[in-house]
There are 2 protein chains.
Amino acid sequence: MATDDLMTRALALVGDDGPLSVEVIRRLTDLADVPEPMTIAEVADLLDITPHTLRYYERAGLVEVARDRYGHRVYDAEAVRRLVFLTRMRLSGMPMRDLQHYISLVDAGQDTVPERLDMLLEHRDIIRRRIRELTLSLAATEYKIATYGGSTGPDAAALDTATEL
Amino acid sequence: MATDDLMTRALALVGDDGPLSVEVIRRLTDLADVPEPMTIAEVADLLDITPHTLRYYERAGLVEVARDRYGHRVYDAEAVRRLVFLTRMRLSGMPMRDLQHYISLVDAGQDTVPERLDMLLEHRDIIRRRIRELTLSLAATEYKIATYGGSTGPDAAALDTATEL
DNA sequence: CTATGGCTTTGAGCGCGCGCGAACGCAAAC
DNA sequence: GTTTGCGTTCGCGCGCGCTCAAAGCCATAG
């Protein structure tokens, strides 16, 4: 896939700056169109990561994967769903450590649901802050592009005489 | 500063999700309220990075810093402005390598302005894509929070029976 | 029926980007 | 005097994943 991975599909679905509807989100998580038992190469392609990374995640305890009679990994729907979640969290900046903790909570049963929810809420806030940071950086970059004379200073009128940058 | 660094001030200025006006951007780049010659600790505090990192940037050739008679670094307005720019770019994901290249272009004179502009345009696109990615991850996270039963699946109605995650 | 290529497996080790820590000296300030 | 802050250098560390090596199984091609 790689040129048609989940994120690329998702971005195409959303467009460059369209609003996000629940319907769109539902489609983002809809995996009905992928084959049920998948090989490592297929999953890697779907998630746009390498087979190596998938094995790395498995060794890290993030997911258990069955094997066929040749010892090759066989990813069932649950594993794929979990990996979609994991890669989404990774892509949005959640560190491996936290993912390991989250999965350990999952494995610990329903009692840990509140803590999982806390983790998601906190991660949501982190993403939000990151988006705001990037939005500011974007604005600053666009400002610099618009007023470009090479200076870092704020005064467009003085750009010609400002120290070069 | 650290609890009142540039980004924190900027975020406070903008609010949690307000629109960005040119006026706000201008204020973001307005350094009139900082003392003119600064010590490494003051600059570090302003930029919310460590003195170590500032020395690292200097060794990397990103900025030249004068010294006082004791050999201590003295950051003038130009150095501070450049560092504000550099840290902003770093924070938005531009790698050191690219910053070094950019600075080398600056040092090479006006002929390199078009290439610098290209770099900024490209970086702008990268930031935009990153924001869109994060927006999607945010939406997915919020969707998961809203429908939370612990499953990664898309079907909220089946959450109770879905495999736990 | 080989064989040639292409996928998989494991394990250990490497690499990158980015900066931090530790150790040590010197000048100033309390 | 001793605490503070800055200087330099060397090396380390972290997060994350890739590379490399050695080997096994499958399919298609001669």
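What you are looking at is a predicted structure, and each value in this text was computed from that prediction instead of being measured. Labels below follow one simple rule: chain letters A, B, ... track the order of the sequence lines, proteins then strands, and each chain is numbered from 1.
Along DNA chain D, the nucleotide closest to A:Thr53 and the one closest to A:His72 are compared, and the more 5′ of them pairs with A:Thr53.
B:Tyr56 places a side-chain heavy atom less than 4.5 Å from the side chain of B:Met96.
Out of C:dC7, D:dT8, C:dC18, the shortest distance to the side chain of A:Ala41 is found at C:dC7. Listed candidates were D:dC25, C:dG19, C:dT10. Nearest to the side chain of A:Arg67 is C:dT10. Distance from the side chain of B:Tyr70 is smallest for C:dA28 among the nucleotides D:dC25, C:dA28, D:dG17.
To the nearest angstrom, P of C:dC26 lies 18 Å from CZ of B:Arg69. Atom CZ of B:Arg59 is separated from atom C1' of C:dG19 by 9 Å (rounded to the nearest Å). The nearest whole Å value for the distance from the CD atom in A:Glu58 to the C1' atom in C:dT10 is 12 Å. The CD1 atom of A:Ile49 sits 9 Å away from the P atom of D:dC18 (whole-angstrom rounding). In this entry the distance linking OH of B:Tyr56 with P of D:dG7 reads 18 Å, nearest Å. Rounded to whole angstrom, the span from the CZ atom of A:Arg55 across to the P atom of C:dA12 amounts to 15 Å. Here C:dC7 presents its P atom at 12 Å from CD of A:Glu42, a figure rounded to the nearest Å. Computed from coordinates, the A:Leu86 CG to D:dC16 C1' distance equals 15 Å when rounded to whole Å.
In this structure, B:Pro95 reaches the sugar-phosphate backbone alone: every heavy-atom distance under 4.0 Å involves primed, P, OP1 or OP2 atoms, never a base. Nucleic acid contact for B:Thr50: sugar-phosphate only, since backbone atoms but no base atoms lie under 4.0 Å from a heavy atom of the residue. Among the heavy atoms of the strands lying under 4.0 Å from A:Ile40 are primed sugar atoms or P, OP1, OP2 only; no base atom is included. Looking at heavy-atom distances under 4.0 Å, A:Arg73 makes contact with sugar-phosphate atoms alone, never a base. Here B:Arg97 lies in heavy-atom contact (under 4.0 Å) with sugar-phosphate atoms only.
A 6.0 Å sphere centred on CD of B:Gln100 holds more than 12 heavy atoms belonging to other residues, nucleotides or ligands.
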When you look at A:Glu133 and A:Arg130, which way does the salt bridge (charged side-chain N to carboxylate O under 4.0 Å, His left out) test go after all the steps? CA-CA 5 Å; A:Glu133 285 177 357; A:Arg130 185 67 189 136; 2.8 Å; yes
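For C:dC18, neither phosphate oxygen OP1 nor OP2 lies less than 4.0 angstrom from any side-chain nitrogen or oxygen of B:Tyr57.
Checked by distance alone, B:His52 brings a side-chain donor or acceptor within 3.5 Å of a matching partner on the base of C:dG21.
For the residue pair A:Thr39 and A:His72, no side-chain donor N or O sits within less than 3.5 Å of a side-chain acceptor on the partner.
No path of Ile, Leu, Val, Met, Phe, Trp and Tyr side chains, each step under 4.5 Å between heavy atoms, connects A:Val74 with A:Leu54, placing them in separate hydrophobic clusters.
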